[in-house]
Amino acid sequence: MSHDDPPPAPAKKKSPAEEAAEKRREKLTPGSLMKAVIRSGRGDATPADGDQVILHCTIRTMEGIVVNSTRREHGGKGIPLRFVLGKSKMILGFAEGFPTMLKGEIAMFKMEPKIHYAEDDCPVTPPDGFPKDDELQFEVEMLDFFKAKVVTEDLGVVKKIVDEGKGWETPREPYEVTARITARTADGKEILPSKEVPYFFTLGKSEAPKGLEMGIGTMARKEKATIYVTSTYLTESSVMPQLEGLEEVHFEVELVQFTQVRDMLGDGRLIKRRVVDGSGEFPMDCPLHDSLLRVHYKGMLLDEPKSVFYDTQIDNDGEPLEFCSGEGLVPEGFEMCVRLMLPGEKSIVTCPPDFAYDKFPRPANVPEGAHVRWEIELLGFEVPKDWTGLTFKEIMEEADKIKNTGNRLFKEGKFELAKAKYEKLLREYNHVHPQDDEEGKIFANSRSSLHLNVAACYQKMGEYRKSIEACNKVLDANPVHVKALYRRGMSYMLGGDFDDAKNDFEKMVTVDKSSEPDATAALVKLKQKEQEIEKKARKQFKGLFDKKPGEISEVGVESKNGGDTAGSGEAVTSRDRNGSGKSSPPSAESDHAFDEERPGLIGRIWPSARRIFSSLGLNRCTIL
């Protein structure tokens, strides 16, 4: 090999199935598998892995006595065999012989016992009384083969595409399906004749045999296919009420249309039903990401269809509603459904109160707890501006707009939505590259601010561990970041990790003297919380260790009027002490720097169990 020749490509690693087939093939010896063509086939294509082969087979002894056959004239049922090469279990002689055949070919395969059912570890079992230890002749007629879509792993449902459909979308539960269907038994007897009017049914409601539904679930609009279904998947339905005695059915299906019906929550409460198709491909052309949306809609009470409480065509002077998704500007159920619509699509949405107006400003004529129905048309949407080609200054300006939206959502108590805005920016920041030290400093400060805002959201949501992790992302880059120390200290305190909280508050003072008032206030609050929890623990465990052996102690019950006072106060900052708010602690407007959340009882007590028992004078406890 010359120096200019490229190095040889590395050998492709074989799959476990390929290795097993190769090892099995080693059992072949000269003369163990012989083939004679009785009738030539047509064309030059032969079956390959992934193809389904359909064939008749008659097995004879070397003396010509028929042992087994699929053909009626030889005592069989007249039902051809079906195998999917590379998937179905079969004797070694079939695995090696089928790929050599053409469509329509009839061939005779002579096999030694080790090549058919006497093979060591043969994957298939012969019928009772089968002469598996004899050399046998297998006459095979290759009726057809084609690329198969294996719907179920046990090959109980297999599909053959006759005509390709349109688009990528396929139906699923609980879509409504319109299809032309005929059915025959495996031996060709018609059991479901064609109808002038197509069948209409809903997937998942047992209105069609299970195997047929599964096959249709892989089809695109206008697709024509043959679906092979074994008895395991032939469930009774309105389409085919009589199935007794059928071992296999072949369905000829043309998927005329399907209506997208989506169970948005998975519990049947929020349902989106498409009534007019939009343009484009689902879901690639839907406004999945935050966008500016334009919709017309009509809202009405679900149990009173004529009680329209809002109609953009009337109440908005015919102008569509425009809103940015991801900002909490419309009810949650409304936005969830619009995100899965195509431009021009019209859908009907039925929505429960907790995703409609119980957690959103409610129109005057919508009662509390009302289920609603929206008729929505998505006119179009505009995706956010692409940052490609923008200057660093322009990128930071766009980032500030998104960040300000997150801050507004935070102030409105929509912490999950606010967090999503901050996290979206952090993902976008992965593709921003400052060009000099000044830009690098601005960028680093902005990213740290976003991480701390995410931490504030987690803190408000009670997820203190995640809040601490977000703070750590800032402290890993800058271990003396005062705001991050404060935020993490508050999360430690709210989660009951008082020692870690104290360390962070004390470290604030060592790295920045100006933070001493806020650190001192936080330490005071920390001490109060420790005392409150110890006091509560004394009450809870009062008498628990005062009884003699054998006596039963009851854990102290909270006073009805006492309540749980731990966590009811707020940390006193320098801003609180000044009263006027003129002092400038670390900025809280965009970073929510000193916000805190009340901890849960369990989260406060158990992380400090060691301190609780120490305060009770129980440093050691022996159970007898």
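It should be emphasised that the depicted structure is a prediction, and the values quoted were computed from it without experimental measurement. The analysis underlying the following values was restricted to heavy atoms, covering all of them including side chains, and did not include hydrogens, waters or symmetry mates.
Relative ring orientation between Y357 and F309 is described as perpendicular, the plane-to-plane angle rising above 60° on a 0-90° scale split at 30° and 60°. Relative orientation of the F334 and W374 rings is perpendicular, given thresholds of 30° and 60° on the angle between their planes.
Between E469 and R465, no side-chain nitrogen of the basic residue sits less than 4.0 Å from a carboxylate oxygen of the acidic one, so the salt-bridge criterion is not met. Using a 4.0 Å cut-off between charged nitrogen and carboxylate oxygen, R339 and E335 count as a salt-bridge pair.
Of the residues R273, R274, K205, the one that meets the side chain to side chain donor-acceptor pair (under 3.5 Å) test with E176 is R273.
Applying the ring pair (Phe, Tyr, Trp, His ring centres under 6.0 Å) rule to F360 yields no partners; only residues at least two apart in sequence or on another chain are considered. With sequence neighbours left out, E375 forms a side chain to side chain donor-acceptor pair (under 3.5 Å) with R373.
Taking CD of E322 as the start and CG of L329 as the end, the distance is 12.0 Å to the nearest 0.5 Å. Rounded to the nearest 0.5 Å, atoms CG (L475) and CZ (R488) are 5.0 Å apart.
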May I have the step-by-step check of side-chain hydrogen bond (donor to acceptor under 3.5 Å, both in side chains) for E516 and S514, ending in yes or no?
CA-CA 5 Å; E516 185 172 356; S514 67; over 6 Å; no

From CA spacing to verdict: side chain to side chain contact (heavy atoms under 4.5 Å, CB included), T170, M219
CA-CA 6 Å; T170 56; M219 297 177 67; 5.8 Å; no

Verdict with reasoning, Q459 to M490, per side chain to side chain contact (heavy atoms under 4.5 Å, CB included)
CA-CA 9 Å; Q459 197 177 94; M490 296 302 287; 3.7 Å; yes

Criterion side-chain hydrogen bond (donor to acceptor under 3.5 Å, both in side chains) on K403 and S446, from CA distance to verdict
CA-CA 10 Å; K403 183 178 176 182; S446 179; 5.3 Å; no

Candidate pair M336 and L270, rule side chain to side chain contact (heavy atoms under 4.5 Å, CB included), full reasoning:
CA-CA 10 Å; M336 286 174 65; L270 177 57; 4.1 Å; yes

CA sep, side-chain torsions, deciding dist, call: E423, V454, side chain to side chain contact (heavy atoms under 4.5 Å, CB included)
CA-CA 7 Å; E423 290 177 332; V454 170; 4.0 Å; yes

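Aromatic ring centroids of Y464 and Y492 lie 6.0 Å or more apart. Between F415 and Y422, a ring centre-to-centre spacing not shorter than 6.0 Å is recorded.
Residues E213 and S206 share a closest heavy-atom pair of OE2-N, 3.9 Å. Across all non-hydrogen atoms, the minimal contact from R221 to D277 is NH2-OD1, 3.7 Å. The shortest heavy-atom contact between N365 and V308 is ND2-O, 4.4 Å. Nearest approach of D285 to G280, heavy atoms of both residues: OD2-CA, 3.2 Å. When all heavy atoms are compared, the tightest approach of W168 to M284 is CD1-CE, 3.9 Å. Of all non-hydrogen atoms in L409 and G326, the two that sit nearest each other are CD1-O, 3.7 Å.
Counting heavy atoms of neighbouring residues, nucleotides and ligands inside a 6.0 Å radius, atom CG of D317 does not exceed 12 of them.
Formation of a donor-acceptor pair under 3.5 Å by the E439 side chain with backbone atoms of D437 is not found in this model. Using modelled atom types, no side-chain atom of S491 and backbone atom of S467 make a donor-acceptor pair closer than 3.5 Å.
Counting heavy atoms from C-beta on, the side chains of V349 and I376 come closer than 4.5 Å. Two residues are said to be in side-chain contact when any heavy atoms from C-beta on lie closer than 4.5 Å; E327 and K421 meet this criterion. A heavy-atom distance below 4.5 Å is not found between the side chains of V261 and K272. Contact check for L378 versus L342: no side-chain heavy atoms found under the 4.5 Å cut-off. Proximity of Y429 to L450: side-chain heavy atoms (C-beta onward) are separated by under 4.5 Å at one or more points.
Using modelled atom types, one finds a donor on one side chain and an acceptor on the other under 3.5 Å when comparing E169 with Q260.
Figure legend: cation-pi geometry between R269 and F355 absent, as NZ or CZ is not positioned both under 6.0 Å from the six-membered ring centre and within 45° of its axis.
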